[in-house]
Amino acid sequence: MKKQVFPFTMVDVFARQTLAGNGLSVFVLEQTLSAYMMQAMTREMRQFESIFLQKLEGQHRWRTHIFTMEEELGFAGHPIIGAAACLHQLYQPDSKTAEFEFVLNERSVFASSKQENSHFFAEMNQGKASFGEPLSTSVAENFLKALNLHAHDQVADLPLQVVSTGLPYLIVPIQQHLDKARICHEKFEALLASAGAKFVYVLDVQRREGRTWDNEGKVEDIATGSAVGPAGAYMVRHQRAQAGDTQIFAQGAYVHRPSELHVNVSAEDETVLVHGQVCLVAKGELYV
């Protein structure tokens, strides 16, 4: 039986150099694939996420599916940023800038890419952030305990709060012991759901460094665009950053993949822009 051939590009996102940042596999498809097939291909690549793109009518519009090894996501940050740089390199290599619309299952996301020397810098527009009510002290203490933290680790005048630009993250602002943070609650996903969150983002406010994991606490993410956008909006809302200024966040040091994520919250309309450097790592073909 003849096998199908699927070209792919591997990139590192939010990376100052290759072999850092968050890895991503980018597939540009000639035909529509089933969710089962895209899920299987993602598991084969064994990256945190793979993104699948198919050209639509209209200039620079792409039907987009994003998969982790466990599920399809309705929205994600580093795959869209990585895909924008990849499409720029594949289809407009002589242009200094390029713009794209990524059509997901429930929304469209706009992103742009800029080429400087041998590097690409891509930016995505996450729209406005939505904020849940700050958690009460007693509920916050339950979450801190579930994260191997204590009340004195929390920044005293900042609340735990759910913030979303597409995926709802519980922002946990701390002043110390980021290195000790981990998920140590057997039913953490259910605990998050009780607060209206999908994932958690533990943020050292002074250092602007964050950590997040899968909800079983087994795998730490390297650089999370869908979390850092809400984190940047949170910092502006609570007057720890100025709207219009670029905030630079660190992530990934604890898994030896240092990453740098940039966030800008518009002073005019509170639109959240997330951007960072993308490094092209490899090209290949998957035979299925």
Side-chain angles (χ1 to χ4, degrees), residues 68 70-71 73-77 126-243 247 249-255 261 263 265 270 272 274:
T68 68
E70 293 79 29
E71 62 181 339
L73 298 178
F75 171 76
Q126 294 189 353
K128 293 183 180 181
S130 61
F131 291 80
E133 291 295 322
L135 301 192
S136 68
T137 299
S138 60
V139 173
E141 287 179 353
N142 289 336
F143 276 101
L144 289 166
K145 183 178 179 180
L147 291 162
N148 196 41
L149 297 168
H150 302 279
H152 60 265
D153 295 321
Q154 182 182 348
V155 178
D157 60 342
L158 290 178
L160 276 68
Q161 188 171 21
V162 177
V163 187
S164 177
T165 58
L167 281 178
Y169 279 86
L170 176 64
I171 306 298
V172 178
I174 63 172
Q175 59 186 345
Q176 60 184 3
H177 295 153
L178 183 63
D179 58 322
K180 296 182 179 179
R182 61 183 179 88
I183 293 172
C184 54
H185 190 287
E186 290 185 357
K187 298 181 179 180
F188 190 69
E189 187 166 7
L191 185 64
L192 281 174
S194 71
K198 175 71 173 175
F199 298 108
V200 68
Y201 197 68
V202 181
L203 176 64
D204 185 311
V205 172
Q206 185 172 357
R207 291 161 49 194
R208 285 203 174 106
E209 182 174 5
R211 299 182 74 182
T212 184
W213 305 261
D214 73 302
N215 285 332
E216 293 183 354
K218 295 179 179 179
V219 181
E220 181 169 353
D221 201 3
I222 293 167
T224 317
S226 59
V228 79
Y234 174 94
M235 295 284 276
V236 171
R237 172 65 63 95
H238 294 285
Q239 300 181 338
R240 294 305 177 99
Q242 185 73 34
Q247 304 175 57
F249 292 83
Q251 194 179 328
Y254 296 97
V255 286
L261 307 89
V263 182
V265 180
E270 299 182 335
V272 177
V274 175

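Distance check: L160 CG to Y234 OH gives 7.0 Å after rounding to the nearest 0.5 Å. Summarising the geometry, atom CG belonging to N142 is positioned 8.0 Å from atom OG belonging to S136; distances are rounded to the nearest 0.5 Å. Taken to the nearest 0.5 Å, the CG atom of N215 stands 14.5 Å off from the NZ atom of K187. Note that the CD atom of E216 and the CD atom of E189 stand 8.0 Å from one another [nearest 0.5 Å]. If you take CG on L170 and CZ on F199, they are separated by 13.0 Å, rounding to the nearest 0.5 Å.
Of the possible donor and acceptor atoms, none in the side chain of D153 sits under 3.5 Å from a partner among the backbone N and O of H177. Here the side chain of R208 pairs no donor or acceptor atom with the backbone of Q247 at under 3.5 angstrom. Counting only distance, with no hydrogens or angles, the side chain of T224 and the backbone of A227 share no donor-acceptor pair below 3.5 Å. In this structure, D204 contributes its side chain and R207 its backbone to a donor-acceptor pair below 3.5 Å.
When the shell of 6.0 Å around CD of E186 is examined, it contains 12 or fewer heavy atoms from other residues, nucleotides or ligands.
Using a 4.5 Å heavy-atom threshold, the side chains of Q161 and H238 count as touching. Between E209 and L178 there is a side-chain heavy-atom pair separated by less than 4.5 Å. V272 places a side-chain heavy atom less than 4.5 Å from the side chain of V263. Here the side chains of L73 and T68 are in contact, with some heavy-atom distance below 4.5 Å. No side-chain heavy atom of W213 sits under 4.5 Å from any side-chain heavy atom of K218. Proximity of E141 to Q154: side-chain heavy atoms (C-beta onward) are nowhere separated by under 4.5 Å. In this structure, C184 and N148 have side chains that are in contact, with non-hydrogen atoms separated by less than 4.5 Å.
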Using the rule given for side chain to side chain contact (heavy atoms under 4.5 Å, CB included), can you reason through M235 versus V205, listing the C-alpha separation, both sets of side-chain angles and the distance that settles it, and then say yes or no? CA-CA 8 Å; M235 295 284 276; V205 172; 4.0 Å; yes

List the steps, then state whether side chain to side chain contact (heavy atoms under 4.5 Å, CB included) holds for I174 with V155. CA-CA 5 Å; I174 63 172; V155 178; 5.5 Å; no

Side chain to side chain contact (heavy atoms under 4.5 Å, CB included) between F188 and L147, intermediate numbers included: CA-CA 9 Å; F188 190 69; L147 291 162; 3.9 Å; yes

Evaluate the criterion salt bridge (charged side-chain N to carboxylate O under 4.0 Å, His left out) for residue pair R240 and D157; output intermediate values, then yes/no. CA-CA 11 Å; R240 294 305 177 99; D157 60 342; 2.7 Å; yes

Quick one: do Y201 and Q251 satisfy side chain to side chain donor-acceptor pair (under 3.5 Å)? Show the steps, please. CA-CA 11 Å; Y201 197 68; Q251 194 179 328; 3.1 Å; yes

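When all heavy atoms of A151 and L144 are compared, the closest pair comes out as CA-CD1, 3.9 Å. Among all heavy-atom pairs drawn from P230 and T165, the shortest one is CD-OG1, 3.7 Å. Residues A129 and V163 come closest through the heavy atom pair CB-CG1, 3.9 Å. Closest non-hydrogen pair, G225 versus L261, comes out as N-CD2, 4.2 Å. Here the closest heavy-atom approach between residue P134 and residue P159 is recorded as CB-CB, 3.6 Å. Here the shortest heavy-atom pairing between A146 and H185 reads CB-CB, 3.7 Å.
With no hydrogens or angles considered, a side-chain donor-acceptor pair links Y169 and S226 at under 3.5 Å.
Using bins of under 30°, 30° to 60° and over 60° for the plane-to-plane angle, the ring pair H150/H152 lands in the parallel bin.
A side-chain contact (heavy atoms from CB on, under 4.5 Å) with F143 is found for one member of L191, V202, V200, L149 and no other, namely L191. The side-chain contact (heavy atoms from CB on, under 4.5 Å) test with E220 singles out one residue from V255, T212, I183, D214, and that residue is V255.
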